[in-house]
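For reference, the structure discussed in these notes is given below.
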Amino acid sequence: MSLSPPVFLKEREENNSKFLEIQQSQMTSIATEDPLQNLCLASQEVLQKAQQSGRSKCLKCGGSRMFYCYTCYVPVENVPIEQMPLVKLPLKIDIIKHPNETDGKSTAIHAKLLAPEFVNIYTYPCIPEYEEKDHEVALVFPGPKSVSIKDISFHLQKRIQNNVRSKNDDPDKPCIKRKKTEEQDLSDSQCKGAALKRIVFIDSTWNQTNKIFTDERLQGLLQVELKTRKTCFWRHQKGKPDTFLSTIEAIYYFLVDYHTDILKEKYKGQYDNLLFFYSYMYQLIKNAKCSGDKETRKFTD
């Protein structure tokens, strides 16, 4: 007697398998078309109301703005600050902005608005002093010397070890003889402190980044390259690949990868609200393009 399943059961399993493949393909397609759809965001009702009422006054400078003042780094009058999310970050973030970068078109301000205690924005040539802290600071920028996020700790530890050797080899410094075990303990204790504390981003069009990147004050920093991701930015730069991210996208994706690769914790949307403004404006522009609403598109032009 044959124990093989009836033909109709085989057909049913095959149909179910095909259905699941099609469904998964459709879900992947939707996610590709709208990669911001599954974010864990605070209610954006306050932005919807602000959009409907139009531009509002900045309470600091009096300028007329939509959603926030890109000069004073504060929300405008019709966007109550208590209705905006506050994001807690695991690191301090420094953003070096190119002087020719148009303030109103920069997404760096989003990070400052949503994580004010963790984010600082500097306009080039103003750059903080990192030389004495290069073992706890990294620069996000692609290049042949860049390392992956998961390798950051290893390379920062190497910097500490090299610094220790340099000090020990200083001819002007009196030689202190230590046992090998003492030297190893000292090296180990210093390496345990090799933790990334601050990350630096350059806010500029890609054609203008070289001026800031080649500044000697940044050249000594560990360079980190992000995993390949595609931008959703509506002001895509001509001639550049879609893997060139906007500043807020780069900050967000770095933190997501840092959370999983360095902190070794499951990501549960802790930093999604960094895209609070970005995701809303993205959807606004997307809808405006579909409907041909030129007035709405002016908000982000």
Side-chain angles (χ1 to χ4, degrees), residues 30-31 33-89 93 95 97-98 100-121 123 201 203-205 231-237 245-253 255 269-301:
I30 291 170
E33 291 174 9
D34 189 1
L36 306 180
Q37 67 169 348
N38 294 320
L39 297 173
C40 299
L41 296 172
S43 171
Q44 294 174 318
E45 185 180 357
V46 63
L47 299 182
Q48 294 168 359
K49 290 180 178 178
Q51 180 205 340
Q52 291 168 1
S53 60
R55 291 176 177 269
S56 185
K57 185 175 68 174
C58 171
L59 296 175
K60 279 194 173 183
C61 70
S64 176
R65 304 282 190 262
M66 176 60 70
F67 303 136
Y68 53 81
C69 179
Y70 45 75
T71 306
C72 304
Y73 306 156
V74 294
V76 291
E77 193 172 19
N78 64 357
V79 180
I81 195 166
E82 61 271 13
Q83 293 184 36
M84 283 171 41
L86 270 180
V87 186
K88 186 177 181 180
L89 306 182
I93 291 178
I95 300 171
K97 189 172 77 71
H98 195 284
N100 295 337
E101 181 73 5
T102 305
D103 290 340
K105 294 184 177 181
S106 170
T107 61
I109 176 62
H110 298 180
K112 181 63 178 174
L113 283 163
L114 298 163
E117 293 183 17
F118 300 90
V119 178
N120 288 306
I121 299 178
T123 300
F201 293 85
D203 184 46
S204 168
T205 61
T231 183
C232 295
F233 199 30
W234 47 91
R235 295 192 184 99
H236 184 66
Q237 297 174 41
L245 306 175
S246 65
T247 303
I248 193 62
E249 286 176 314
I251 292 172
Y252 170 72
Y253 285 127
L255 290 171
Q270 289 90 333
Y271 317 121
D272 284 8
N273 273 319
L274 285 176
L275 301 178
F276 180 73
F277 290 104
Y278 187 82
S279 62
Y280 185 79
M281 294 166 78
Y282 166 79
Q283 199 60 50
L284 200 64
I285 291 295
K286 184 179 177 182
N287 294 341
K289 286 180 178 178
C290 293
S291 64
D293 183 358
K294 293 182 180 179
E295 288 301 312
T296 301
R297 290 172 67 179
K298 284 182 183 177
F299 292 149
T300 48
D301 284 344

key: Residue Glu82 excluded, over 12 heavy atoms near CD under 6.0 Å   = yes
To the nearest 0.5 Å, atom OH of Tyr68 lies from atom CG of Leu47 at 10.0 Å
Checklist entry - Do the side chain of Thr107 and the main chain of Ile248 share a donor and acceptor less than 3.5 angstrom apart? => result yes
Is the backbone of Gly104 close enough, under 3.5 Å, to the side chain of Thr102 for a donor and an acceptor to pair up by distance? no
Show, in sequence, the C-alpha distance, side-chain angles and deciding distance for Leu114 and Asn273, and conclude whether the side-chain contact (heavy atoms from CB on, under 4.5 Å) test is met. CA-CA 8 Å; Leu114 298 163; Asn273 273 319; 5.7 Å; no
The reported gap from OG in Ser246 to NE2 in His110 (rounded to nearest 0.5 angstrom) is 8.5 Å
Applying salt bridge (charged side-chain N to carboxylate O under 4.0 Å, His left out) to Lys60 and not counting sequence neighbours gives none
ask   = Should Leu245 and Tyr253 count as side-chain neighbours, where that means a heavy-atom distance under 4.5 Å?
value = yes
(message) Within the 3.5 Å criterion, strictly below it, is a donor on Tyr280 or Gln48 matched to an acceptor on the partner's side chain?
(response) no
Item to check | Glu77 side chain vs Cys58 backbone, donor-acceptor pair below 3.5 Å | outcome: no
**Asked** Quick check: are there more than 12 heavy atoms from other residues, nucleotides or ligands sitting under 6.0 Å from CD1 of Ile81?
**Response** no
task = Spell out, as yes or no, whether a donor-acceptor pair under 3.5 Å connects the side chain of Asn78 to the backbone of Gly54.
result = yes
TODO: Any chance you could lay out the side-chain contact (heavy atoms from CB on, under 4.5 Å) test for Ile95 and Ile251, step after step, and finish with the verdict?
DONE: CA-CA 10 Å; Ile95 300 171; Ile251 292 172; 3.8 Å; yes
Tightest non-hydrogen contact, residues Leu39 and Leu36, listed as CG-O, 3.3 Å
May I ask you to test the Thr205-His98 pair for a side-chain heavy-atom distance under 4.5 Å? no
Side chains of Thr71 and Arg65 in contact at under 4.5 Å (non-hydrogen atoms): yes
Interatomic distance, CZ@Phe118 vs CG@Leu274, rounded to 0.5 Å, equals 10.5 Å
Test side chain to side chain donor-acceptor pair (under 3.5 Å), reference Lys97, set Thr247, Asp203, Asp103, output is Asp103
Check whether Gln44 reaches the backbone of Phe276 with its side chain - one donor and one acceptor, N or O, closer than 3.5 Å. yes
> Parallel, tilted or perpendicular for Phe67 and Phe277, by the 30°/60° rule?
Replying inline: tilted
Are Gln83 and Ser43 close enough, and set up right, to give a side-chain hydrogen bond (donor to acceptor under 3.5 Å, both in side chains), and what steps lead you there?
-> CA-CA 8 Å; Gln83 293 184 36; Ser43 171; over 6 Å; no
Stepwise side-chain contact (heavy atoms from CB on, under 4.5 Å) check, Cys69 with Cys61: CA-CA 9 Å; Cys69 179; Cys61 70; 3.8 Å; yes
query: After noting the C-alpha distance and the side-chain angles of Val76 and Met66, does the key distance pass the side-chain contact (heavy atoms from CB on, under 4.5 Å) rule?
result: CA-CA 7 Å; Val76 291; Met66 176 60 70; over 6 Å; no
Rounding to 0.5 Å, atoms CD (Glu117) and CG (Leu86) come to a distance of 7.5 Å
On a heavy-atom basis, the closest approach of Pro116 and Leu113 is CD-O, 3.6 Å
Would you please test Thr231 and Glu249 for side-chain hydrogen bond (donor to acceptor under 3.5 Å, both in side chains) and show each step?
CA-CA 7 Å; Thr231 183; Glu249 286 176 314; 2.6 Å; yes
Worksheet entry | 4.5 Å side-chain heavy-atom contact, Val46 and Pro80 | yes
